[in-house]
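Note that ligands are numbered from 1 as they come in the structure, with each ligand's atoms numbered from 1 the same way. Atoms considered below: every heavy atom in the structure, side chains included; atoms not considered: hydrogens, waters and symmetry mates.
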Amino acid sequence: MGSLQKNYMTLTTSLLENKVSVPREFNRIASSYDFATQLSRGYQEDLDTSAIRMNLKGDEKLLDLCCGTGKSTLACLKQLQSGTIVGVDNSEGMLLEADKKFTTQISSGKVVFVLSDAMQLNFPDNSFDVVFIAYGLRNMPDYEKALKGINRILKPGGKICIHDYCINDNIWAKAYWAILGYGFIVPFCTVLSGSSRIYTYLVKSVLTFLNPGQVKNLLEQTGFKNVEVNPLTGWRKPILHTFVAVKA
Ligand SMILES: C[S@@+](CC[C@H](N)C(=O)[O-])C[C@H]1O[C@@H](n2cnc3c(N)ncnc32)[C@H](O)[C@@H]1O
């Protein structure tokens with residue numbers, strides 16, 4: 001193996017081992033993120049489906065954790081006639097893109113974006129009705145600590161919705177993701193964004209993430225009940241799931 005290849009492998013491994021630097025990597029690809037996800041068929045529709053699955057009344061105070069450029073914020077906004085959204089992300093670049101999209105809602109106070117680490121949330125106990133976390137939990141350095149932090153800031157009876165690449169526990173689903181990831185996502189998104197590091201990390205982080213049953217168990221162990229697990233449809237069915245649960 002050449003030294004260049006060795007250095008590259010060390011870089012992606014260290015991102016997996018040191019997830020705190022993930023938001024910094026998202027800064028590099030922030031300007032091309034929306035275009036890349038637009039080409040990923042069904043990306044926004046899947047977020048919309050998970051948001052609908054929360055079955056909201058429409059007046060909730062919702063935290064969109066790891067909101068990125070605001071695609072998940074948009075999905076939640078569609079479910080909230082009179083509610084409000086706080087979007088949190090630790091990438092300035094991603095939040096700048098989000099700011100551009102929601103100028104009207106920001107000026108009316110319906111949406112606010114905050115730069116913060118999802119592992120160190122400063123909100124008071126019992127302050128949100130709902131937490132939506134799309135493609136975020138997998139990026140946390142400690143899933144259990146992250147879920148306990150979310151549980152703390154949810155009101156009693158409040159809802160969590162996790163939307164993430166979470167592969168069914170069988171060899172076919174894993175092979176499907178590996179082929180899709182290394183054969184298509186990494187090469188294609190690298191050309192598009194000029195950076196392969198975060199996309200290689202994406203593929204590896206999904207392969208090493210919990211399976212749907214493990215996420216359900218972890219939710220129950222961290223103070224949630226009534227956990228509902230549902231796959232998304234179409235080509236993401238074996239790899240993408242929605243989890244909705246209630247603070248016990
Ligand atoms: C794949 S994007 C998802 C964005 C958005 N939720 C969506 O559905 O399009 C993941 C986001 O998580 C953010 N992120 C990763 N680790 C984080 C952390 N520890 N605290 C806050 N944000 C984090 C990244 O900066 C990135 O914007």
Open item on the list: Under 4.0 Å, heavy-atom basis, I'd like to know which part of Pro141 is in contact with ligand 1: side chain, backbone, both or neither.
Closed with: neither
Open item on the list: Test of understanding: given a 4.0 Å heavy-atom threshold, classify the contact between Leu47 and ligand 1 as side chain, backbone, both, or neither.
Closed with: side chain
Task: Nearest-0.5 Å distance that lies between atom SG in Cys161 and atom CD1 in Ile133 - done: 10.0 Å
Open item on the list: Can you tell whether the side chains of Lys101 and Glu97 come within less than 4.0 Å, N to carboxylate O?
Closed with: no
- [ ] Report the C-alpha separation of Tyr201 and Val22 in whole Å, then their side-chain angles, then the decisive distance to 0.1 Å, and conclude whether the side-chain contact (heavy atoms from CB on, under 4.5 Å) test is met.
- [x] CA-CA 9 Å; Tyr201 158 78; Val22 167; 3.7 Å; yes
- [ ] Give a yes or no answer on whether the side chain of Asn27 reaches the backbone of Gly93 with a donor-acceptor pair at less than 3.5 Å.
- [x] yes
Open item on the list: I want to confirm something. Looking only at heavy atoms, which of Tyr33, Phe132, Tyr165 is nearest to atom 1 (C) of ligand 1?
Closed with: Tyr33
Open item on the list: Nearest non-hydrogen contact with atom 6 (N) of ligand 1 belongs to which option: Cys66, Gly93, Ser21?
Closed with: Cys66
Open item on the list: Among all protein heavy atoms in this structure, tell me which lies nearest to atom 19 (N) of ligand 1, with the distance rounded to 0.1 Å.
Closed with: Asp117 OD1, 2.9 Å
Open item on the list: Polar contacts were defined as any N/O atom of the residue lying under 3.5 Å from an N/O atom of the ligand; does this apply to Tyr43 and ligand 1?
Closed with: yes
TODO: Flag the pair Tyr165 / Leu202 as yes when at least one side-chain heavy-atom distance between them is below 4.5 Å, and no otherwise.
DONE: yes
Task: Enumerated ligand 1 atoms positioned under 4.0 Å from heavy atoms of Ser116 - done: 20 (N), 21 (C)
Open item on the list: Looking at ligand 1, is there an atom of it that comes within less than 4.0 Å of some heavy atom belonging to His163?
Closed with: no
Task: Heavy-atom nearest neighbour in the protein, as seen from atom 16 (N) of ligand 1, with distance rounded to 0.1 Å - done: Pro23 CG, 3.6 Å
Open item on the list: If we check salt bridge (Lys or Arg N to Asp or Glu O under 4.0 Å) with Asp129, which of these qualifies: Lys57, Lys155, Lys61?
Closed with: Lys155
Open item on the list: Between ligand 1 and Tyr135, is the shortest N or O to N or O distance under 3.5 Å?
Closed with: no
Task: Aromatic ring pairing Tyr135/Tyr43, orientation class (parallel under 30°, perpendicular over 60°, tilted between) - done: parallel
Task: For Ser72, the ligand 1 atoms whose distance to one of its heavy atoms is below 4.0 Å - done: 5 (C), 6 (N), 7 (C), 8 (O)
Open item on the list: Check this for me - ligand 1, Thr69, N or O atoms closer than 3.5 angstrom, yes or no?
Closed with: no
- [ ] Inspect the contact between Lys174 and Asp169 and indicate whether a charged nitrogen and a carboxylate oxygen are less than 4.0 angstrom apart.
- [x] yes
TODO: Identify, by atom number and element, the atoms of ligand 1 in contact range of Gly68, meaning under 4.0 Å from any of its heavy atoms.
DONE: 4 (C), 27 (O)
Task: Contact check: Ala134 vs ligand 1, nitrogen or oxygen atoms, below 3.5 angstrom - done: yes
Task: N or O pair under 3.5 Å between Lys19 and ligand 1 - done: no
- [ ] Using distance alone, determine whether Asn139 and ligand 1 share an N or O pair under 3.5 Å.
- [x] no
- [ ] Kindly determine whether Leu62 and Val131 satisfy side-chain contact (heavy atoms from CB on, under 4.5 Å), including the steps that lead there.
- [x] CA-CA 6 Å; Leu62 182 147; Val131 174; over 6 Å; no
Open item on the list: Please check if the number of heavy atoms outside Lys78 that lie under 6.0 Å from its NZ is greater than 12.
Closed with: yes
Open item on the list: Is Gly136 close enough to touch ligand 1? Criterion: a residue heavy atom under 4.0 Å from a ligand atom.
Closed with: no
Open item on the list: Taking distance alone, with N or O pairs closer than 3.5 Å, would you say Phe26 contacts ligand 1?
Closed with: no
Task: Crowding at CG, Asp125 (>12 non-hydrogen neighbours, <6.0 Å) - done: yes
